[in-house]
Amino acid sequence: MHFIYILQSLKDRRTYVGCSHDVQNRLARHNAGQVPATPNRRPLKLIFSESFETEKEAKQRELYWKSGAG
(Lines give C-alpha, C1' and ligand atoms only; values in the text may rest on other atoms or scores of the structure.)
Protein backbone atom coordinates (compact mmCIF):
# COMPACT_ATOMS: atom_id res chain seq x y z
CA MET A 1 0.00 0.00 0.00
CA HIS A 2 1.09 3.53 -0.73
CA PHE A 3 -0.32 6.66 0.87
CA ILE A 4 -0.50 10.38 0.37
CA TYR A 5 -0.71 12.40 3.54
CA ILE A 6 -1.35 15.98 4.55
CA LEU A 7 0.31 17.39 7.62
CA GLN A 8 -0.51 20.67 9.32
CA SER A 9 2.08 22.68 11.20
CA LEU A 10 0.97 23.57 14.71
CA LYS A 11 3.47 26.44 14.54
CA ASP A 12 2.26 28.29 11.41
CA ARG A 13 -0.92 26.34 10.45
CA ARG A 14 0.40 25.72 6.91
CA THR A 15 0.05 22.31 5.30
CA TYR A 16 2.52 19.89 3.76
CA VAL A 17 1.61 17.12 1.29
CA GLY A 18 3.74 14.01 0.94
CA CYS A 19 3.76 10.40 -0.20
CA SER A 20 4.93 7.33 1.76
CA HIS A 21 4.33 3.64 2.35
CA ASP A 22 4.35 4.15 6.16
CA VAL A 23 2.55 7.33 7.21
CA GLN A 24 3.14 7.04 10.97
CA ASN A 25 6.87 6.52 10.52
CA ARG A 26 7.01 9.43 8.08
CA LEU A 27 5.16 11.68 10.54
CA ALA A 28 7.65 10.73 13.25
CA ARG A 29 10.54 11.60 10.92
CA HIS A 30 8.95 14.98 10.10
CA ASN A 31 8.53 15.74 13.81
CA ALA A 32 12.11 14.64 14.55
CA GLY A 33 13.40 17.22 12.05
CA GLN A 34 14.73 14.55 9.66
CA VAL A 35 12.81 15.79 6.61
CA PRO A 36 14.50 18.81 4.97
CA ALA A 37 11.21 20.44 3.91
CA THR A 38 9.70 20.79 7.40
CA PRO A 39 12.21 21.13 10.27
CA ASN A 40 11.28 24.75 11.00
CA ARG A 41 7.55 24.02 10.95
CA ARG A 42 7.45 21.48 13.79
CA PRO A 43 5.39 20.16 15.44
CA LEU A 44 3.19 18.71 12.72
CA LYS A 45 -0.01 16.71 12.94
CA LEU A 46 -1.61 14.37 10.43
CA ILE A 47 -4.88 15.81 9.13
CA PHE A 48 -5.55 13.53 6.13
CA SER A 49 -4.30 10.37 4.44
CA GLU A 50 -5.46 8.35 1.48
CA SER A 51 -4.32 4.88 0.38
CA PHE A 52 -3.54 3.58 -3.10
CA GLU A 53 -2.63 0.21 -4.55
CA THR A 54 0.33 1.52 -6.54
CA GLU A 55 3.02 4.11 -6.02
CA LYS A 56 2.14 5.63 -9.39
CA GLU A 57 -1.45 6.31 -8.26
CA ALA A 58 -0.22 7.83 -5.00
CA LYS A 59 2.27 10.10 -6.79
CA GLN A 60 -0.44 11.28 -9.20
CA ARG A 61 -2.73 12.14 -6.28
CA GLU A 62 0.14 13.89 -4.47
CA LEU A 63 0.72 16.07 -7.53
CA TYR A 64 -3.00 16.88 -7.62
CA TRP A 65 -2.96 18.02 -3.98
CA LYS A 66 0.17 20.09 -4.60
CA SER A 67 -1.37 21.76 -7.64
CA GLY A 68 -3.71 24.72 -7.46
CA ALA A 69 -6.66 22.41 -8.10
CA GLY A 70 -6.06 20.26 -5.01
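Keep in mind that what you see is a predicted model, and the values were worked out from it rather than measured. Start at 1 with the first residue, then count along the sequence.
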J.: Measuring centre to centre across the rings, with the benzene-like ring taken for any Trp, is His30 within less than 6.0 Å of Tyr5?
T.: yes

J.: Measure across Asp22 and Asn25 and return the closest heavy-atom pair with its distance rounded to 0.1 Å.
T.: OD1-N, 3.2 Å

J.: Look at Glu62 together with Lys66 and state whether they make a salt bridge at an N to O cut-off of under 4.0 Å.
T.: yes

J.: In Å, rounded to the nearest 0.5 Å, how long is the span from CH2 of Trp65 to CD of Glu50?
T.: 7.5 Å

J.: Taking side chain as C-beta onward, heavy atoms only, is Arg61 less than 4.5 Å from Leu63?
T.: no

J.: Give the intermediate values and the outcome of side-chain contact (heavy atoms from CB on, under 4.5 Å) for residues Arg14 and Gln8.
T.: CA-CA 6 Å; Arg14 294 179 61 202; Gln8 183 177 40; over 6 Å; no

J.: Rounded to the nearest 0.5 Å, how far apart are CD1 of Ile4 and OG of Ser49?
T.: 7.5 Å

J.: I need the minimum non-hydrogen distance between Gln24 and Leu46, along with the two atoms involved.
T.: NE2-CD2, 3.8 Å

J.: Which atoms form the tightest heavy-atom contact between Phe52 and Met1, and what is the distance?
T.: O-SD, 3.3 Å

J.: Can you get from Tyr64 to Val17 by hopping between Ile, Leu, Val, Met, Phe, Trp and Tyr side chains that sit under 4.5 Å apart?
T.: yes

J.: Write down the atom of His2, the atom of Glu53, and the distance for their closest heavy-atom approach.
T.: CD2-O, 3.9 Å

J.: If you round to the nearest 0.5 Å, how far is CD1 of Ile6 from CG of Leu44?
T.: 13.0 Å

J.: Is there a donor-acceptor pair closer than 3.5 Å between any side-chain N or O of Glu57 and the backbone N or O of Thr54?
T.: yes

J.: Rounded to the nearest 0.5 Å, what's the gap from CG on Leu7 to CZ on Arg26? Could you check?
T.: 9.0 Å

J.: Measure the spacing between OG of Ser51 and CZ of Phe3 and express it to the nearest 0.5 Å.
T.: 5.5 Å

J.: Grab the two heavy atoms, one from Asp12 and one from Arg41, that are nearest each other, plus how far apart they are.
T.: OD2-NE, 3.6 Å

J.: Got a donor-acceptor contact below 3.5 angstrom from the Lys11 side chain to the Asn40 backbone?
T.: yes

J.: So which heavy atom on Cys19 is nearest to which on Ala58, and how close?
T.: SG-CB, 3.7 Å

